[in-house]
Amino acid sequence: MTEPSDSLSIHLHALRARTGNATLVLAASNIEIDLLHPLYDALRAIDRTPRLDVVVYLRGGVVNAARRLALLFHEFADSLRFLVPHYCESSGTLMALAAHEIVAGQLAIFSPIDPHLNAAEGQNGGPGALS
């Protein structure tokens, strides 16, 4: 039986061979700023490229983290394409909008963006987060 990671590698290799583009997978149940360093390392391994394909599976997360990750992608690619086979929700949708092109599969799910801006709890009597 083929291990899932082996299957993923096979599919990524086939995608790279077909498009000729550098390809990266970004899968996260929650986009957080903690993804910044591993993503930076992965992009450095690829190096700057004319075109980058990013296969995404994203279920939402922190708006500011999605913005920062999108900016990082642009530092390493002249043209950015998001490939969305299934989930790209909330902050994932926001990050996808930073791409030059979005290719969505038949089962792709995008969702409204529900940004939460955090503030210190009880600051000036206001709420801890605004939506």
A.B. asks: Hey, could you give me the CZ/OH distance between F73 and Y40, rounded to the nearest 0.5 Å?
C.D. replies: 14.5 Å

A.B. asks: Sorted by first residue and then second, give each salt bridge (charged side-chain N to carboxylate O under 4.0 Å, His left out) pair with at least one member in residues 13-38; sequence neighbours left out.
C.D. replies: none

A.B. asks: Examine distances only and state if a side-chain atom of S91 and a backbone atom of G60 form a donor-acceptor pair shorter than 3.5 Å.
C.D. replies: no

A.B. asks: Look only at the side chain of S111 and the backbone of S90, and say whether a donor-acceptor pair between them is shorter than 3.5 Å.
C.D. replies: yes

A.B. asks: Mind checking what makes side-chain contact (heavy atoms from CB on, under 4.5 Å) contact with A14, not counting sequence neighbours?
C.D. replies: none

A.B. asks: With sequence neighbours excluded, tell me which residues meet side-chain contact (heavy atoms from CB on, under 4.5 Å) with I33.
C.D. replies: L36, A65, R68

A.B. asks: Quick one: salt bridge (charged side-chain N to carboxylate O under 4.0 Å, His left out) partners of D78, sequence neighbours excluded?
C.D. replies: R48

A.B. asks: Under the ring-ring contact (aromatic ring centres under 6.0 Å, His included) rule, what pairs show up with a residue in residues 44-69, not counting sequence neighbours?
C.D. replies: Y57-Y87

A.B. asks: Test of understanding: with side-chain contact (heavy atoms from CB on, under 4.5 Å), list the residues that count as partners of A42, not counting sequence neighbours.
C.D. replies: L24

A.B. asks: Would you find more than 12 non-hydrogen atoms of other residues, nucleotides or ligands less than 6.0 Å from H13 atom NE2?
C.D. replies: no

A.B. asks: Within the side chain of H86, is there an N or O that forms a donor-acceptor pair under 3.5 Å with the backbone of L107?
C.D. replies: yes

A.B. asks: Determine whether I109 and L94 fall in the same hydrophobic cluster, where Ile, Leu, Val, Met, Phe, Trp and Tyr are linked whenever their side-chain heavy atoms lie under 4.5 Å apart.
C.D. replies: no

A.B. asks: Which residues, ordered by chain and number, are linked to L71 in its hydrophobic cluster, where ILVMFWY side chains connect at heavy-atom gaps below 4.5 Å, directly or through other members?
C.D. replies: none

A.B. asks: Counting only N and O atoms by type, is there a donor-acceptor contact under 3.5 Å from the side chain of T93 to the main-chain atoms of F110?
C.D. replies: no

A.B. asks: Could you list the residues that satisfy side-chain contact (heavy atoms from CB on, under 4.5 Å) with S29, not counting sequence neighbours?
C.D. replies: none

A.B. asks: Between L35 and N30, which heavy-atom pair has the shortest distance, and what is it?
C.D. replies: CD1-O, 4.3 Å

A.B. asks: Give a yes or no on whether the backbone of D47 and the side-chain of T49 come within a donor-acceptor separation of less than 3.5 Å.
C.D. replies: no

A.B. asks: Tell me, which pairs form a side-chain hydrogen bond (donor to acceptor under 3.5 Å, both in side chains) where one or both residues lie in residues 95-108, sequence neighbours left out?
C.D. replies: R51-E101

